[in-house]
Amino acid sequence: MKPVHILLVSFYLSLFGVMAQENNDVSVKKSLELMGTQFEITVVAPNEDIGYINIDEAVSEIKRIEKMISSWDENSETSLINQNAGIKPVKVSKELFNLIDRAIRVSEITDGAFDITYASMDKIWQFDGSMNRMPSPNEIANSVAKIGYQEILLDTENQTVFLSKSGMKIGFGAIGKGYAADKAKELLVSKQVKAGIINASGDLTTWGTKADGGKWMVGISNPLDKSKVFSWLPVVESSVATSGNYEKYVVFQGKKYSHIIDPRTGYPTSGVNSVSIFAKKVELCDALATAVFVMGRDTGLHMINQLDGVEAVVVDSENKIHKSSGVVFEQNQ
């Protein structure tokens, strides 16, 4: 992977176009809430009518994914898996089976820092200002007793998923919107939509170029003031996702604890303000952003440096910027 040139980094993402050229294409954009978060879908089309038809097709695909992976819909495949935890295997679609299989592989390479069985966690931490004490060590240990990706048993021949412990649950909060964005992009590309960007609350993937011929650009802003963009990074046929703790955290005895909790220990993470991951698929970016946040700066970056085609930028709790080996910082001009 060629070096990623970055000036400054945080978790706020914006879009910008350069290199205008004359053509008849138009850029059509629509923002809406899907999967409990804000999606912004932009396509390049011959005219607005076709553009909005393309966007509606992408929305339908995202809704299809949501129905498959939702843990709120009691009739979804994911809910059926959870309902039968410790009881029996559940036959699922090949698509969901493969998604779970990939999630397990990410768990393996991150030593469990990413784990879709995090949904089994007891919600003993509150980040709405209501907590007035640290949970006890016993409470914390009990909260993660049913977590463990090793307890997800896949049967490839019968295409079944079995959670071996009663009360276990899986959830796709740290990978689902990235997967949905990838699938929406895949659908639009298959329909010869020449360019676009799927932005799921900052987890985004792109293809082609803007209607004016310019590159899609990610705005890199001040980690402490996400309204101020310092530089722009081109995202060409690629994806980026960021995890940050700017708004949800608690402080006990002067130590800041993020809302992102280590599924292996039950303790909130500390020491990192944000993680941005760059890779081909936003599904992978989404999962690894969470994993690196949990693993911490040094361990996380060491892991990223072992992966082909993946780069990372980490902003630590002192607002200092760190990078994986393929990222090259440049002086702001």
Side-chain angles (χ1 to χ4, degrees), residues 4 6-14 110-115 118 121 123-135 137 140 143-144 173-174 201-203 218-231 233 240-279 285-307 310-330 332:
V4 178
I6 300 176
L7 300 180
L8 293 171
V9 170
S10 89
F11 91 121
Y12 175 70
L13 301 167
S14 299
T110 62
D111 294 324
F114 170 85
D115 191 333
Y118 81 94
M121 188 182 303
K123 306 300 188 292
I124 62 173
W125 295 91
Q126 303 297 326
F127 299 92
D128 56 5
S130 63
M131 288 189 71
N132 54 25
R133 70 170 182 87
M134 282 274 289
I140 293 171
S143 74
V144 295
S201 293
D203 294 355
V218 174
I220 306 302
S221 73
N222 186 332
L224 299 181
D225 186 353
K226 58 186 181 181
S227 67
K228 295 181 180 180
V229 176
F230 287 131
S231 63
L233 172 69
V240 59
T242 301
S243 289
N245 71 345
Y246 300 97
E247 297 175 356
K248 296 182 179 180
Y249 58 88
V250 292
V251 178
F252 290 118
Q253 297 181 340
K255 186 174 182 178
K256 182 178 178 180
Y257 295 91
S258 163
H259 72 286
I260 299 176
I261 297 174
D262 188 335
R264 303 166 298 185
T265 67
Y267 283 87
T269 58
S270 61
V272 174
N273 276 347
S274 79
V275 176
S276 295
I277 300 292
F278 303 85
C285 294
D286 206 0
L288 290 180
T290 300
V292 172
F293 207 107
V294 169
M295 297 169 82
R297 181 193 69 198
D298 295 339
T299 303
L301 287 176
H302 177 74
M303 183 267 296
I304 292 296
N305 284 332
Q306 314 307 310
L307 303 177
V310 181
E311 300 296 343
V313 175
V314 177
V315 181
D316 67 22
S317 57
E318 296 180 354
N319 210 31
K320 294 180 180 178
I321 300 170
H322 310 266
K323 62 184 179 64
S324 57
S325 58
V327 177
V328 178
F329 290 107
E330 297 178 348
N332 199 352

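Along the sequence shown, residues carry numbers from 1.
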Item checked: W125 vs M134, side chain to side chain contact (heavy atoms under 4.5 Å, CB included): CA-CA, chis, key distance, verdict -> CA-CA 8 Å; W125 295 91; M134 282 274 289; 3.6 Å; yes

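- The main-chain N or O of G326 is found under 3.5 Å from a side-chain atom of E311 such that the two form a donor-acceptor pair.
- Checked against I140 for a side chain to side chain contact (heavy atoms under 4.5 Å, CB included), the options I124, I261, T265 give a single hit: I124.
- Contact detail for T290 and A174: the closest heavy-atom pair is OG1-CB, 3.7 Å.
- For the atom pair CG of D316 and OG of S274, the computed distance is 9.5 Å after rounding to the nearest 0.5 Å.
- Side chains of Y267 and S143 form no contact here, defined as non-hydrogen atoms less than 4.5 Å apart.
- Heavy-atom minimum distance, A113 versus M295: CB-CG, 3.4 Å.
- Between the side chain of T269 and the main chain of S258, no donor-acceptor pair closer than 3.5 Å is present.
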Notebook entry, point to check: Between V250 and Y257, does a side chain to side chain contact (heavy atoms under 4.5 Å, CB included) hold up when you go through it step by step?
Noted result: CA-CA 5 Å; V250 292; Y257 295 91; 3.8 Å; yes

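- The shortest heavy-atom contact between Y118 and P263 is CB-CB, 4.5 Å.
- Scanning all heavy atoms of the two residues, the minimum distance from A289 to A241 falls at CB-O, 4.1 Å.
- A distance-only check finds a donor-acceptor pair linking the side chain of R264 to the backbone of D111 [under 3.5 Å].
- The two residues N305 and S324 make their nearest non-hydrogen contact at OD1-CB, 3.3 Å.
- Summarising the geometry, atom CG belonging to N273 is positioned 12.5 Å from atom NZ belonging to K320; distances are rounded to the nearest 0.5 Å.
- With rounding to the nearest 0.5 angstrom, the CD1 atom of I321 is 7.0 Å from the CG atom of N319.
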Notebook entry, point to check: For V294 and T110, what are the C-alpha separation, side-chain angles and deciding distance, and is it a side chain to side chain contact (heavy atoms under 4.5 Å, CB included)?
Noted result: CA-CA 9 Å; V294 169; T110 62; over 6 Å; no

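- We find the CD1-OG distance between I260 and S270 to be 12.0 Å, quoted to the nearest 0.5 Å.
- Residue M131 comes nearest to Q126 through the heavy atom pair SD-N, 2.9 Å, listed as atom of the first residue, atom of the second, then distance.
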Next item on the list: Could you check V272 against V292 for side chain to side chain contact (heavy atoms under 4.5 Å, CB included), going step by step and ending with a plain yes or no?
Entry: CA-CA 9 Å; V272 174; V292 172; over 6 Å; no

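- Using a 4.5 Å cut-off on side-chain heavy atoms (C-beta onward), I304 and I277 make contact.
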